[in-house]
Amino acid sequence: MRTPPRLGLNNGVLIDQLGFGLYKVPPADTAGLVAMALDAGYRHFDTAAMYGNETGVARGISTQLGTQAGTGGSGELFPALAREDLFITTKVWNDHHGYDATLRAFDDSMVNLGLDYVDMYLIHWPCPRRGLFQETYRALETLYREGKVRAIGVSNFLPAHLDRLLQTAEVTPAVNQIELHPWLQQHELRKIHEDVNIRTEAWSPLGRGQVLADPVVQACATEHRRTPAQVILRWHIQLGNIAIPKASSEARIRENLDIFSFELSARDMEALAALDRGQRTGSHPDNVN
Ligand SMILES: NC(=O)c1ccc[n+]([C@@H]2O[C@H](COP(=O)([O-])OP(=O)(O)OC[C@H]3O[C@@H](n4cnc5c(N)ncnc54)[C@H](OP(=O)(O)O)[C@@H]3O)[C@@H](O)[C@H]2O)c1
């Protein structure tokens with residue numbers, strides 16, 4: 001079994017540096033893919049109310065809890081999978097910003113997920129035109145103090161949004177989950193995160209698959225006898241990012257986790273660093289409201 005390294009969040013909670021992303025995973029496929037990912041060795045899952053597949057996540061987990069998920073047929077004996085082994089993130093959607101609405105949205109997600117606590121709860125987008133993210137975050141702080149979530153954070157926050165949030169936040173966000181891949185390296189945000197002790201979590205870590213065709217990535221993959229996806233995910237790990245690739249087949253799910261037995265050289269890292277061109281594959285955070 002492959003085991004991703006764990007990183008400490010700013011409150012001491014540990015998170016697997018590589019997780020499994022569930023955006024655009026159809027609800028009907030979710031349970032099967034989650035069970036497959038658990039068997040491959042993933043323990044960290046990233047969903048959201050907006051993805052409409054939280055109940056599928058619950059079903060996938062429930063089929064594996066208590067089993068020896070992750071033995072990978074090696075015959076080795078692993079302890080039975082327990083709730084504490086998992087790290088489940090979900091997010092409050094844009095139409096539930098505001099203190100009371102967020103508390104209600106959280107309760108709905110807990111019911112959907114069939115959990116009595118969530119490992120991490122994030123504000124999905126800052127929605128600057130709504131002007132409610134500070135109040136929304138106050139609800140996350142309440143949930144955190146009540147022990148219903150082990151860590152709280154944000155997603156898609158630009159420097160100006162973080163700046164405003166940190167003026168009123170009593171709990172520093174544990175992560176900012178942002179679009180990040182070799183074509184969009186987010187130097188400014190990564191520096192800010194480091195300064196204020198927020199972990200950088202990369203969404204669309206493969207650039208929605210588009211960056212896999214980049215010739216520099218391909219050359220690096222050939223040199224290491226790895227796939228382009230493995231090279232990019234290894235790059236994230238060496239930069240210290242948390243990465244949550246999504247994949248739809250068992251082969252890709254396993255391939256994306258098999259990145260802990262090789263290393264990119266300083267020269268490889270420099271070549272990949274040179275690919276930054278500020279190119280988003282998703283929306284700009286100021287335009288989502
Ligand atoms: N917070 C946010 O606003 C936000 C926004 C977007 C995403 N996210 C999170 O980030 C996760 C990942 O982002 P993403 O799904 O947009 O993009 P991604 O993980 O960068 O890329 C997924 C694409 O790459 C393909 N792929 C995966 N592994 C591959 C491999 N080994 N070889 C070839 N192709 C491969 C997948 O194909 P198949 O599926 O066909 O295998 C899919 O088309 C999401 O699932 C979600 O959890 C968060």
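Residues take their numbers from the sequence shown, with the count starting at 1. Start at 1 and go down the list; that is how both ligands and their atoms are numbered.
Against a heavy-atom cut-off of under 4.0 Å, Gly207 is close to the following atoms of ligand 1: 20 (O). Counting the atoms of ligand 1 from 1 in the order shown, those under 4.0 Å from a heavy atom of Ala247 are 27 (C), 28 (N), 39 (O), 41 (O). Within ligand 1, counting atoms from 1 as listed, the ones closer than 4.0 Å to a heavy atom of Gly209 are 21 (O), 23 (C), 24 (O). For ligand 1 and Trp125, the ligand atoms under 4.0 Å from any heavy atom of the residue are 3 (O). Ligand-side atoms of ligand 1 in range of His124: 1 (N), 2 (C), 3 (O), range being under 4.0 angstrom from any heavy atom. With ligand atoms numbered from 1 in the order given, ligand 1 contributes 19 (O) to contacts under 4.0 Å with heavy atoms of Pro245. For ligand 1, the atoms lying closer than 4.0 Å to a non-hydrogen atom of Ala229 are 30 (C), 31 (N).
Atom 13 (O) of ligand 1 has as its closest protein heavy atom Ser204 N, 3.1 Å. Summary of contacts: the protein heavy atom closest to atom 11 (C) of ligand 1 is Ile244 O, 3.1 Å. In this structure, atom 20 (O) of ligand 1 lies nearest to the protein heavy atom Leu206 N, 2.7 Å. Asn256 ND2, 3.0 Å is the protein heavy atom nearest to atom 28 (N) of ligand 1. Residue, atom and distance of the protein heavy atom nearest to atom 45 (O) of ligand 1 are Tyr23 N, 2.8 Å. Atom 47 (O) of ligand 1 has its closest protein heavy atom at Asp46 OD2, 2.6 Å. Looking only at heavy atoms of the protein, atom 6 (C) of ligand 1 is closest to Trp203 CE3, 3.1 Å.
Glu135 contributes a side-chain N or O that, together with a main-chain N or O of Tyr99, makes up a donor-acceptor pair within less than 3.5 Å.
Partners of Phe262 by side-chain contact (heavy atoms from CB on, under 4.5 Å), not counting sequence neighbours, listed by chain and number: His224, Arg226, Gln230, Arg234, Ile259, Leu264. Under the rule for a ring-ring contact (aromatic ring centres under 6.0 Å, His included), Tyr117 has no partner lying at least two apart in sequence or in another chain.
A salt bridge links Asp46 to Lys91: at least one charged side-chain nitrogen sits closer than 4.0 Å to a carboxylate oxygen. Ion pairing between a basic and an acidic side chain is recognised when a charged N comes within 4.0 Å of a carboxylate O; Asp16 and Arg6 show such pairing. Arg190 and Glu194 are not joined by a salt bridge, as no carboxylate oxygen comes within less than 4.0 angstrom of a charged side-chain nitrogen. The existence of a salt bridge linking Asp119 and Arg150 is confirmed by a sub-4.0 Å separation between a basic side-chain nitrogen and an acidic carboxylate oxygen. A salt bridge links Asp195 to Lys191: one of the charged nitrogens lies within less than 4.0 Å of a carboxylate oxygen.
With a heavy-atom cut-off of 4.0 Å, Thr281 does not touch ligand 1 at all. Counting heavy atoms under 4.0 Å from ligand 1, residue Asn156 touches it through the side chain alone. When heavy-atom distances to ligand 1 are checked against a 4.0 Å cut-off, Leu22 comes that close only through its backbone atoms N, CA, C and O. With a heavy-atom cut-off of 4.0 Å, Ser248 touches ligand 1 through backbone and side chain alike. Contacts between Pro205 and ligand 1, counted as non-hydrogen atom pairs separated by less than 4.0 Å, involve both the backbone and the side chain.
When the options Lys246, Glu179, Arg254 are ranked by their closest heavy atom to atom 27 (C) of ligand 1, first place goes to Lys246. The closest heavy-atom contact to atom 40 (O) of ligand 1, among the options Arg208, Glu255, Arg252, comes from Arg252.
Remark: the Ser155 side chain and the His124 side chain contain no N/O donor-acceptor pair separated by less than 3.5 Å. At a cut-off of 3.5 Å, with distance as the only test, a side-chain donor of Arg277 or Gln279 sits close to an acceptor on the other residue. Side-chain contact of Thr227 with Glu255: a donor-acceptor pair under 3.5 Å is present, judged by distance alone.
The aromatic rings of Tyr51 and Tyr23 are tilted relative to each other, their planes meeting at an angle between 30° and 60°.
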Taking it one step at a time, do Tyr121 and Phe106 satisfy ring pair (Phe, Tyr, Trp, His ring centres under 6.0 Å)?
-> CA-CA 8 Å; Tyr121 199 44; Phe106 180 79; 4.8 Å; yes
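Ligand 1 has Tyr51 within reach: a non-hydrogen atom of the residue lies less than 4.0 Å from it.
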